[in-house]
Amino acid sequence: MKAIEIRNKYLKFFEKNNHKIIPSASLIPENDPSVLFNTAGMQPLVPYLLGEKHPEGSRLTDYQKCVRTNDIDEVGDNRHLTYFEMLGNWSLGDYFKEESIAMSYKFLTEELGIPNEKLSVTCFKGDEDCSKDTVAYECWRKAGIPDERIYFFGKSENWWIAGEEGPCGPDTEMFYDTGKTKCSPECNPSCDCGKYVEIWNNVFMEFYKDKNGYTKLKQQNVDTGLGLERMTMLLQGKETPFEIEIFAPVMEELERLQKVDNIQSRRIVTEHLRSSMMIINDGGRPSNVDRGYILRRLLRRMTRHMNKLEIDLSELGNIIDISINSLKELYPELEKNKEIIKQVIIEEKDKFIKTLKNGEKEFEKVASKVKNNGKIIDAQSVFNLYETYGFPPEMTEELAKENGLKVDMENYQKLFEEHQAKSRMGSEAKFKGGLASTGEMETKYHTATHLLNAALKVVLGDHVHQKGSNITEERLRFDFSHPAKMTDEEKQKVEDLVNEYIKQDIKVEKLEMKKDEALKLGAEAMFLEKYGEEVTIYKIGDVSLEFCGGPHVENTGVLGKFKIKKEEASSAGVRRIKAILE
Ligand code: SER
């Protein structure tokens, strides 16, 4: 049975049982700033589990797109996925344990055709917060599951809550017996040796937990979740989800294209590509914060593993086509949004590969230093790899692991936070200083600085970001992220380009808008934190768009001739240019 057939059977079955089919919510939660992505079918339904009336009634069913990010680094083994689809049915104060279990059993055995002998179940064994779930037990007995396949466990196995606080309750879980031999005489569904695979979780949500403990909800709810990819894999008799029709065509294409064989890398590329596409499809974009950062990590890890397989990165567009083709029955919207999905992924890949080579060289340098000396990469090096080469620290960690090394993540975190605090302070001080002197030459140098920043990006790449700036009557000084000394040719190109912008006599426009709008337009900011909600940005034709307090000249033509006097190192991964206007 294909995934789409399982999904359709599920929704139809519950529809037949008087449930309303509701659409999947976006992966990006609408009213819940506490999570980056929807991680379970119940998440968009929390207000209704707490008692609010749902417009579609008290019996609902859907498929929900989910992303769980705890295990990104585990992807590559035979089971972990970051994106997955959860099929669910809900009772919002309607039916409870009896009907829920009866329907689950019927669906599994009659609709999916799973033999009774293949099923084991677990129930809550009881503790000081909630008594033993003898009702669920009786329901399973009545359905036909014998005693020896009903297990009782405590909160660690049979209690469900999203995070620390919220609606929750005891659950009953259904397991599929793959037929493997028990790993030990004690082997049971709580063991993850692979004999028992969890297929469905029915949570009996009648409690609310907060920091003071548990209270009873107004109503008794049922929240269930069945992982589509896993069920498909089991019904098809496959060992991993990567063998089912959702993933197999991409896995095969990667195998055809690869010059180096590595199944983990093929899985990582296949899985991260699908997750990224689903996130982009729901409006996510790569960035350095929150969900944008998760997307960036996924895409960068994917790119790195394509490199490990030695697959030509120009194949990415074709691989995306194949992936969308195998997913479009489930998600027709991917086909519709194909061009934008491709554009975002390929742009991020291009950004990354520009610095990847230098970054890998730098990593090797750092690694060889510690190889025979402690085997731990220090926090500062991890930080530099991130700031200068765009290596997410988790990626440095993964690379280190591949080389038998460790990284000092704890101190990295401290360093990162210190750095952020410092740049906030520095920017405040600089901001004040900048307003103090506004003579004619300084004004010109301000504008020239924007042109230089833009030209550096064109010549060296998008990794160039302003790291500092200082202006006097006589010169500008500009610090920017770049891993290597600039060649004479690069310097010449930058100088020529700035002079070209000057010659074009481009209008310099001051625009005022909301910070969000400015970011949407792609305006560049050195220290975003220093700006309030209303911001000023300066636009120089198509050349430059930057957050800035000014002041600036009105047209670039008045600047004269731009000349680079010096290019030197400022600090690790940061270069400094001194330039004049003649
Ligand atoms: N919320 C439960 C889970 O995620 C059941 O849907 O497993």
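All values below come from the heavy atoms of this structure, side chains included, with hydrogens, waters and symmetry mates left out. Each ligand, and each atom within it, is numbered from 1 in the order the structure gives.
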Please list, in number order, the atoms of ligand 1 under 4.0 Å from a heavy atom of [X].
| X | answer |
| --- | --- |
| R68 | 4 (O) |
| G225 | 5 (C), 6 (O) |
| M86 | 3 (C), 4 (O), 6 (O) |
| A40 | 4 (O) |
| M42 | 1 (N) |
| T224 | 5 (C), 6 (O) |

Pick from D223, I161, L45, V222: the one approaching atom 5 (C) of ligand 1 most closely through a non-hydrogen atom |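 Going through D223, I161, L45, V222 one by one, D223 has the nearest heavy atom to atom 5 (C) of ligand 1.
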
Check [Y] with [X], please: is the shortest side-chain N to carboxylate O separation under 4.0 Å?
| X | Y | value |
| --- | --- | --- |
| K308 | D261 | no |
| K65 | E85 | no |
| E271 | R267 | no |

Sole candidate of D94, N202, D223 that passes side chain to side chain donor-acceptor pair (under 3.5 Å) when paired with S100 |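 Running side chain to side chain donor-acceptor pair (under 3.5 Å) over D94, N202, D223 with S100 returns exactly one hit, N202.
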
Does NZ or CZ of K132 lie under 6.0 Å from the centre of the six-membered ring of F152, at an angle within 45° of the ring axis?
->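 Yes; both conditions hold, so K132 lies above the ring face of F152.
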
Taking the side chain as every heavy atom from C-beta outward, state whether L228 and F84 have any pair of such atoms under 4.5 Å apart.
->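 Contact flag for L228/F84 side chains = no.
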
Polar proximity ligand 1 side, V203 side, N/O cut 3.5 Å exclusive =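 V203 vs ligand 1: no N/O contact under 3.5 Å.
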
Please list all pairs passing the salt bridge (Lys or Arg N to Asp or Glu O under 4.0 Å) test where one or both residues lie in residues 193-206, with sequence neighbours left out.
->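 Every pair satisfying salt bridge (Lys or Arg N to Asp or Glu O under 4.0 Å) with a residue in residues 193-206: D177-K195, E206-K216.
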
What is the nearest protein non-hydrogen atom to atom 4 (O) of ligand 1, stated with its residue, atom name and distance?
->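 In this structure, atom 4 (O) of ligand 1 has W160 CZ2, 3.1 Å as its nearest protein heavy atom.
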
Which residue and non-hydrogen atom of the protein lie closest to atom 7 (O) of ligand 1, and at what distance in Å?
->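 Ranking protein heavy atoms by distance from atom 7 (O) of ligand 1, first comes N201 ND2, 3.2 Å.
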
